[in-house]
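Count residues from 1 along the sequence.
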Amino acid sequence: MSYLGEEIGKLGFGLMRLPRVAGSDDVIDIEQTKQMVDEFLAAGFTYFDTAWAYPGSEDAVRKALVERYPREKFQLATKNAAWIKCASKEDAIAQYTTSLKQTGAGYFDFYLLHNLGDARTKPFEEFGLWDYFLGEKEKGSIKHLGFSFHSTPEQLEEILNKHPEAEFVQLQINYADWESHAIQSRRCYEVARKHNKPVIIMEPVKGGNLATPPESVAKIFKDYDPDASCASWALRFAADLEGVITVLSGMSNIEQMRDNLSFMKGFTHLTDEQKEVIRKAGEELARVPIIPCTTCNYCAKVCPMDIGISGSFGALNMYTLYGNYELAQGRHDWDVKGQGHKTADECIKCGACESACPQHIEIRKELERVAETFKL
């Protein structure tokens with residue numbers, strides 16, 4: 001499929017969760033990564049996604065891809081996270097120059113201002129980074145400039161109105177979040193398409209959670225096609241959308257790579273019958289009893305302790321739905337501690353939050369569950 005002058009297959013290799021050497025959580029298995037790169041390219045796919053903020057990933061890209069293949073045989077994307085330890089424009093630019101050095105790529109086919117939304121948008125504006133990277137694009141060091149986004153459709157609309165020069169948007173889209181009050185995948189997708197921006201999809205399998213959904217959800221998929229993995233349904237749902245450049249999959253081993261290649265090579269569209277299967281699976285997933293938080297954050301406006309209430313509930317709901325404690329803990333640490341909020345164990349049980357909650361959630365009781373579940 002051709003987008004922005006590039007020939008790109010519908011599957012993109014996300015390099016955030018690369019395989020690790022046996023017995024280590026930190027050392028990337030370069031030899032297995034090379035094998036994954038080889039099979040990915042041999043299947044006709046060409047898009048690789050890394051980031052300055054992914055430990056070791058850009059070095060791995062250089063060793064497994066850049067040093068082994070002609071530069072014109074692949075597209076490489078990386079990202080700038082100006083909201084991470086950047087006190088100045090120079091600090092943010094240093095991320096970019098570091099990425100050029102670490103990857104050895106010479107230029108980036110796709111360069112993203114990373115994770116815009118909420119307070120994270122501010123440094124890109126204050127440091128004049130849009131203009132700086134447009135200048136780099138004119139020099140040829142960047143071919144296409146866009147951004148990734150994790151926030152509300154209203155904020156996405158505001159950014160696209162302010163920066164029509166953005167050539168594409170990277171969004172979190174999957175069937176579980178399509179109608180989610182928290183992620184609002186559908187509404188964000190519709191905003192991007194309204195502005196005629198092609199979309200790169202991230203988190204199509206929701207950090208791996210949709211590869212192992214609740215048993216009742218998995219049964220719907222297996223009853224229809226016993227041989228298709230649950231992950232394949234999630235990826236195909238995303239790839240079926242119009243205006244999609246590619247769907248990123250953060251593959252962690254050669255087995256995941258081969259599974260993805262088996263159903264994404266030659267993929268065109270889902271049938272109406274397959275779409276109905278995914279719709280039923282989404283409905284079944286929505287039946288799992290979770291805290292009915294819509295992230296309106298009215299509770300946060302009245303909480304005297306600034307507890308990260310909606311972030312706490314989002315993490316607990318993730319654990320309830322998918323049973324993946326490590327990912328749920330990470331979600332909690334990011335959405336609560338990472339945003340500067342207090343944790344559930346610091347609740348003084350004043351009850352102001354419950355008076356403000358339009359969903360009538362027993363917030364104090366649920367925060368106790370959060371405190372019992374996670375490491376705070």
Side-chain angles (χ1 to χ4, degrees), residues 1-22 27-51 54 56-79 99 102-110 143-144 168 170 198-205 208 210-211 225 227-241 244-270:
M1 190 71 70
S2 178
Y3 283 96
L4 304 177
E6 309 289 345
E7 290 298 324
I8 297 170
K10 276 293 187 78
L11 179 66
F13 189 171
L15 298 149
M16 184 181 186
R17 304 179 180 92
L18 290 172
R20 292 325 197 237
V21 171
V27 182
I28 293 173
D29 185 340
I30 296 297
E31 293 308 310
Q32 186 174 178
T33 302
K34 287 179 180 178
Q35 187 179 3
M36 294 168 73
V37 165
D38 292 346
E39 295 197 17
F40 185 77
L41 287 168
F45 298 106
T46 58
Y47 190 99
F48 295 82
D49 171 88
T50 183
Y54 302 165
S57 180
E58 290 186 333
D59 283 322
V61 167
R62 185 187 69 255
K63 295 173 184 176
L65 174 67
V66 176
E67 293 177 351
R68 299 175 62 241
Y69 285 92
R71 184 62 184 86
E72 68 275 10
K73 295 298 184 182
F74 59 87
Q75 291 86 31
L76 182 61
T78 195
K79 312 176 187 77
S99 291
Q102 288 183 154
T103 63
Y107 63 90
F108 297 116
D109 301 272
F110 291 78
K143 291 179 68 175
H144 305 296
F168 63 94
Q170 184 164 304
V199 173
I200 295 170
I201 292 179
M202 58 181 161
E203 302 290 350
V205 195
L210 297 180
D225 185 352
D227 297 324
S229 67
C230 292
S232 76
W233 287 96
L235 279 165
R236 287 179 289 164
F237 168 84
D240 189 61
L241 296 170
V244 169
I245 296 175
T246 197
V247 178
L248 300 175
S249 178
M251 294 169 273
S252 301
N253 54 55
I254 193 67
E255 290 77 23
Q256 290 178 9
M257 171 66 76
R258 288 170 179 166
D259 179 51
N260 286 351
L261 294 177
S262 71
F263 57 83
M264 289 300 290
K265 187 176 181 179
F267 175 82
T268 52
H269 286 288
L270 293 167

**Asked** Does S249 have any side-chain hydrogen bond (donor to acceptor under 3.5 Å, both in side chains) partners at least two apart in sequence or in another chain, and if so, which?
**Response** N260
**Item:** With F263 via ring pair (Phe, Tyr, Trp, His ring centres under 6.0 Å) - residues at least two apart
**Value:** none
**With sequence neighbours excluded, residues passing side-chain contact (heavy atoms from CB on, under 4.5 Å) with Q102** = E58, D59, T98
**Asked** Which distance, rounded to the nearest 0.5 Å, do you find between the CE of M202 and the CG of L248?
**Response** 8.5 Å
**Request:** Measure across L261 and A43 and return the closest heavy-atom pair with its distance rounded to 0.1 Å.
**Result:** CD2-CB, 3.8 Å
**Asked** S232: what forms a side-chain hydrogen bond (donor to acceptor under 3.5 Å, both in side chains) with it, not counting sequence neighbours?
**Response** R236
**Request:** Apply the test salt bridge (charged side-chain N to carboxylate O under 4.0 Å, His left out) to residues D240 and K10: give CA-CA distance (whole Å), side-chain angles for both, the deciding distance (0.1 Å), then the verdict.
**Result:** CA-CA 9 Å; D240 189 61; K10 276 293 187 78; over 6 Å; no
**Prompt:** Mind checking what makes ring pair (Phe, Tyr, Trp, His ring centres under 6.0 Å) contact with Y54, not counting sequence neighbours?
**Reply:** none
**Complete:** Residue pairs meeting salt bridge (charged side-chain N to carboxylate O under 4.0 Å, His left out), one or both in residues 27-44, sequence neighbours left out, come to E31-K34, D38-R68, E39-R258
**Asked** Do any N or O atoms from the side chain of T246 and from the backbone of G9 form a donor-acceptor pair under 3.5 angstrom?
**Response** yes
**Complete:** Applying side-chain hydrogen bond (donor to acceptor under 3.5 Å, both in side chains) to T50 and not counting sequence neighbours gives S57
**Closest non-hydrogen atom pair, A238 against V244** = O-CG2, 4.0 Å
**Request:** Compare every heavy atom of A51 with every heavy atom of T78, then report the nearest pair and how far apart it is.
**Result:** OG1-CA, 3.2 Å
**Message:** Rounded to the nearest 0.5 Å, what separates atom CG in L65 from atom CG in L41?
**Reply:** 6.5 Å
**Request:** Go through the structure and list residues passing ring pair (Phe, Tyr, Trp, His ring centres under 6.0 Å) with F237, not counting sequence neighbours.
**Result:** W178
**Prompt:** With sequence neighbours left out, what residues match D259 under side-chain hydrogen bond (donor to acceptor under 3.5 Å, both in side chains)?
**Reply:** S229
**Fill in**
Taking every heavy atom of A64 against every heavy atom of V37, the minimum-distance pair comes out as O-CG1, 3.7 Å
Under 3.5 Å, side-chain donor or acceptor atoms of residues 12-19 against the rest of the protein: list the pairs with distances, not counting sequence neighbours.
none

**Prompt:** Taking side chain as C-beta onward, heavy atoms only, is I245 less than 4.5 Å from Q170?
**Reply:** no
**Complete:** The reported gap from CZ in F110 to CZ in F48 (rounded to nearest 0.5 angstrom) is 13.5 Å
**Asked** Mind checking what makes salt bridge (charged side-chain N to carboxylate O under 4.0 Å, His left out) contact with E67, not counting sequence neighbours?
**Response** R62
**Request:** Under the side chain to side chain contact (heavy atoms under 4.5 Å, CB included) rule, what do I8 and F45 come out as? Steps first, then yes or no, please.
**Result:** CA-CA 6 Å; I8 297 170; F45 298 106; over 6 Å; no
**Prompt:** Nearest 0.5 Å, what's the CG-OH distance between D109 and Y47?
**Reply:** 8.5 Å
